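We number each residue from 1, following the sequence as shown. A quick note: this is a predicted structure, and the numbers were derived from the prediction, not measured.
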Amino acid sequence: FPVTIVVFSGKGTVLSFTEVHIPSIEFHNLDPYILALVQLVEGPRLLAQITDVALADMFIGAPVESVFRRYFSDGDGGLIYYGIKFILVR
């Protein structure tokens with residue numbers, strides 16, 4: 001299958017969201033956290049963590065943009081895992 005590389009802007013809109021209280025073991029130090037279905041401006045939809053916002057400030061249709069943030073680490077002196085999360089555009 002041919003592969004096409006597509007660069008996304010990282011901007012999108014919240015279609016739905018929830019607050020996770022019982023996360024997988026890797027995210028146990030983050031609970032509770034907000035998980036949202038985000039529609040990117042280019043079309044694709046994805047599930048993503050929303051960070052730096054209170055649940056009371058979240059709303060359907062909220063504009064968001066991607067940021068590079070820490071996910072978790074393998075304890076003291078272990079690997080640190082980073083990835084893409086989203087923040088509200090204010």
Side-chain angles (χ1 to χ4, degrees):
F1 295 97
V3 175
T4 302
I5 296 175
V6 178
V7 177
F8 294 109
S9 67
K11 298 179 187 307
T13 304
V14 172
L15 298 179
S16 183
F17 64 92
T18 189
E19 188 172 47
V20 177
H21 289 272
I22 304 174
S24 64
I25 190 67
E26 293 87 0
F27 297 100
H28 74 280
N29 62 325
L30 300 177
D31 66 320
Y33 63 89
I34 299 170
L35 187 65
L37 178 60
V38 174
Q39 172 91 46
L40 297 177
V41 295
E42 294 84 5
R45 295 177 179 177
L46 52 90
L47 283 175
Q49 184 179 349
I50 308 296
T51 190
D52 301 339
V53 64
L55 183 63
D57 295 329
M58 285 295 299
F59 59 95
I60 302 298
V64 293
E65 64 184 5
S66 62
V67 292
F68 191 67
R69 295 287 171 86
R70 179 181 174 154
Y71 280 136
F72 55 88
S73 66
D74 285 336
D76 294 338
L79 292 174
I80 301 172
Y81 297 87
Y82 290 88
I84 302 299
K85 296 182 182 184
F86 283 77
I87 58 171
L88 289 186
V89 176
R90 298 177 192 243

In this structure, CZ of R69 is separated from CZ of F86 (nearest 0.5 Å) by 12.0 Å
- prompt: Under a single-linkage definition using a 4.5 Å side-chain heavy-atom cutoff for Ile, Leu, Val, Met, Phe, Trp and Tyr, are V67 and V41 assigned to the same hydrophobic cluster?
  reply: no
In this structure, CD1 of I50 is separated from CG of D57 (nearest 0.5 Å) by 12.5 Å
Practice prompt. Before giving the answer on side-chain contact (heavy atoms from CB on, under 4.5 Å), spell out for R45 and L40 the whole-Å C-alpha distance, their side-chain angles and the decisive distance to 0.1 Å.
Written response: CA-CA 6 Å; R45 295 177 179 177; L40 297 177; over 6 Å; no
Taking every heavy atom of V14 against every heavy atom of A36, the minimum-distance pair comes out as CG1-CB, 4.3 Å
Any chance you could lay out the side-chain contact (heavy atoms from CB on, under 4.5 Å) test for L88 and M58, step after step, and finish with the verdict? CA-CA 8 Å; L88 289 186; M58 285 295 299; 3.9 Å; yes
message: Could you walk me through whether L55 and I34 satisfy the side-chain contact (heavy atoms from CB on, under 4.5 Å) test, starting with their C-alpha distance in whole Å, then the side-chain angles of each, then the deciding distance to 0.1 Å, before giving a yes or no?
response: CA-CA 7 Å; L55 183 63; I34 299 170; 4.3 Å; yes
Practice problem: List the steps and the verdict of side-chain contact (heavy atoms from CB on, under 4.5 Å) for I60 and F17. | Solution: CA-CA 8 Å; I60 302 298; F17 64 92; 3.9 Å; yes
So CG of L46 and CG of L37: to nearest 0.5 Å the spacing works out to 7.5 Å
Hey, would you say the Y71 and Y82 ring centroids sit under 6.0 Å apart?
no
Note: V38 and G12 closest approach over all heavy atoms is CG1-CA, 4.2 Å
Item to complete: State plainly whether one hydrophobic cluster holds both F8 and F68, where clusters connect Ile, Leu, Val, Met, Phe, Trp and Tyr through side-chain heavy atoms under 4.5 angstrom apart.
Response: yes
_Cluster link L47 to I87, ILVMFWY, side chain under 4.5 Å_ = no
OH (Y33) and NZ (K85) are apart, to the nearest 0.5 Å, by 9.5 Å
With sequence neighbours left out, the residues meeting ring-ring contact (aromatic ring centres under 6.0 Å, His included) with F72 are F27, Y81
Closest non-hydrogen atoms of K11 and E42, given as atom of the first, atom of the second and distance, are O-OE1, 4.4 Å
- Honestly curious: do V53 and V89 fall in one hydrophobic cluster under the side-chain, below-4.5 Å linking rule? no
